[in-house]
Amino acid sequence: MAVQPPSSGTKTGTETFLRDVIDGLSRPQKTLPCKYLYDEAGSQLFEEICELKDYYVTRTEAGIFAHSIKEMAEAIGPGALIIEPGAGNCEKVEPLLTQLDSPAGYMPMDISPEILLSARRRIQARLPGLKIHAGIGDFTKEMVWDELPALEAHRRVIFFPGSTIGNFDPEQASTLLHRFASRLGQGDAVLIGTDLDKDPIVLERAYNDSEQVTARFNKNLLSRINVELDADFDLSRFSHRSFYHPLRRRVEMHLVSLAAQTVRVSGEDFHFREGETIHTENSHKYTLSGFEKLLRKAGFSPLRHWSDSSDYYAIHFAEVR
Ligand SMILES: C[S@@+](CC[C@H](N)C(=O)[O-])C[C@H]1O[C@@H](n2cnc3c(N)ncnc32)[C@H](O)[C@@H]1O
């Protein structure tokens, strides 16, 4: 059993966070990178979202895994090393690791250290023989990948569930898939979950839940900025808004300024008009053929996919060409 310590020095630094916030709030359309939604409180709120009746994504994906996990493990084959960027609470990988024939190891990475480290302890307790290395950092940057130790494996598989790929616009998603391909070798593979395009009513309900958990998740970003970057956002003067954008095929999440106001962040003033928004997240929805095209463009051969009976969600298995 080899339990590696978490990689050091990769934690998102306050300086980078501040630079990204100042840059985002200085744009004509104010924006904040969605990766910052996931501090400890944000990660816990995201777990609550996953349990919501209105949020079909997690439930649907879980149903596909429950039904087809054996087939997925067979498709991956023996001796595989599983790498999971944006692993969060690592719940989805456990049944896969349990089904796999002699996995070579598991490497979760996440920008949110608290949730990742407690998940690593849980998995290690349940699968004591498994080699685990947890990488703390931003998977869109090279550093966290460079720090992964080289483990002998029959095949490396990047496991990317939860429709996290949907948080990137198609061009960024293509860049990320290219990065995945460049970090893998011929015959290595990806297992990726994508939310499929569907009735806008279903989509908008999922991101505007009646219990307001998504609203708290969105507004938590402002609390985080207040605490970590010495800002004075008044949360009662912002509201949550999510809507489906049919041309861009995505659900957009915004924070709406309820009044004309000035907010100070680390000594710098930002003015908001009444009704002006901060764009905080995108969740892109794909067609099966659209996502397979993206995989091909990035150097993968899509081999198969699994989906639910309503075609709400798909999990794609593709090999590096
Ligand atoms: C939508 S959640 C999905 C979590 C988990 N994979 C699942 O399917 O339930 C996204 C996760 O990715 C992490 N994350 C988002 N952007 C990241 C980034 N650029 N680098 C590392 N982790 C990131 C978040 O902290 C969060 O845990």
Side-chain angles (χ1 to χ4, degrees), residues 46-77 82 84-100 157-168 170 173 176-177 180 189-211 213-214 217 242-246 248-253 281-296 300-319:
F46 180 71
E47 285 193 19
E48 273 184 56
I49 290 173
C50 291
E51 304 285 318
L52 292 169
K53 190 170 157 282
D54 293 330
Y55 193 73
Y56 63 86
V57 181
T58 311
R59 200 172 50 250
T60 310
E61 190 188 51
I64 302 170
F65 277 128
H67 189 261
S68 305
I69 198 77
K70 275 196 174 150
E71 284 179 18
M72 293 177 191
E74 273 166 30
I76 289 172
I82 305 297
E84 185 178 3
N89 62 14
C90 306
E91 268 189 11
K92 293 171 188 169
V93 80
E94 262 197 64
L96 180 66
L97 291 169
T98 310
Q99 278 298 326
L100 282 173
V157 176
I158 292 181
F159 180 61
F160 203 44
S163 186
T164 304
I165 192 81
N167 293 146
F168 299 85
L176 188 61
L177 291 173
F180 288 175
V190 285
L191 190 62
I192 299 191
T194 54
D195 196 17
L196 299 177
D197 209 5
K198 60 183 67 61
D199 184 346
I201 293 174
V202 176
L203 288 170
E204 293 198 348
R205 207 170 36 223
Y207 293 83
N208 290 290
D209 65 277
S210 52
E211 291 168 54
V213 187
T214 315
F217 173 66
S242 281
F243 58 89
Y244 180 65
H245 194 309
R248 297 196 169 133
R249 278 204 166 140
R250 69 188 190 196
V251 175
E252 294 191 5
M253 195 161 83
E281 193 185 61
N282 288 320
S283 189
H284 287 264
K285 309 302 168 189
Y286 284 95
T287 59
L288 277 174
S289 58
F291 193 71
E292 286 181 352
K293 198 166 151 197
L294 211 61
L295 283 167
R296 277 195 203 92
F300 290 95
S301 296
L303 296 182
R304 63 177 299 183
H305 72 268
W306 295 266
S307 56
D308 56 296
S309 56
S310 309
D311 276 339
Y312 268 18
Y313 195 91
I315 298 168
H316 305 256
F317 183 61
E319 227 174 53

Could you tell me if the side chain of [Y] sits less than 4.5 Å from the side chain of [X], heavy atoms only?
{"X": "Ile165", "Y": "Phe160", "result": "yes"}
{"X": "Asp197", "Y": "Leu203", "result": "yes"}
{"X": "Leu294", "Y": "Tyr286", "result": "yes"}
{"X": "Leu177", "Y": "Val190", "result": "no"}
{"X": "His305", "Y": "Phe291", "result": "no"}

Going by atom type alone, with no hydrogens or angles, which donor-acceptor pairs under 3.5 Å involve a side-chain atom of residues 310-317 and a protein atom two or more places apart or on another chain?
unit_1 : atom_1 : unit_2 : atom_2 : d
Asp311 : OD1    : Ser307 : OG     : 3.1
Tyr313 : OH     : Glu61  : OE2    : 2.5
Tyr313 : OH     : Gly162 : N      : 3.3
Tyr313 : OH     : Ser163 : N      : 3.1
His316 : NE2    : Thr194 : OG1    : 2.9

Can you give the donor-acceptor pairs under 3.5 Å from side chains of residues 63-75 to other protein atoms, not counting sequence neighbours?
unit_1 : atom_1 : unit_2 : atom_2 : d
Glu71  : OE1    : Arg304 : NH2    : 2.9
Glu71  : OE1    : Trp306 : NE1    : 2.8

Exercise. Ring centroid separation for Phe300 and Phe180, is it under 6.0 angstrom?
Worked result: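 Phe300 vs Phe180: aromatic centres not under 6.0 Å.
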
For this session: Identify, with sequence neighbours excluded, every residue that meets salt bridge (Lys or Arg N to Asp or Glu O under 4.0 Å) alongside Lys198.
Result: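 Partners of Lys198 by the salt bridge (Lys or Arg N to Asp or Glu O under 4.0 Å) criterion, ordered by chain and then number, come out as Asp195.
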
Exercise. For Glu91, what residues pass the salt bridge (Lys or Arg N to Asp or Glu O under 4.0 Å) criterion, not counting sequence neighbours?
Worked result: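 Per chain and number, Glu91 pairs via salt bridge (Lys or Arg N to Asp or Glu O under 4.0 Å) with no residue.
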
Exercise. In chain order, what residues pass the side-chain hydrogen bond (donor to acceptor under 3.5 Å, both in side chains) check against Asp308, with sequence neighbours excluded?
Worked result: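 If we apply the side-chain hydrogen bond (donor to acceptor under 3.5 Å, both in side chains) test to Asp308, skipping adjacent residues, there are no hits.
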
For this session: For Glu292, check side-chain hydrogen bond (donor to acceptor under 3.5 Å, both in side chains) against everything at least two apart and list the hits.
Result: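 Testing Glu292 for side-chain hydrogen bond (donor to acceptor under 3.5 Å, both in side chains), a comparison that skips the adjacent residues, returns none.
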
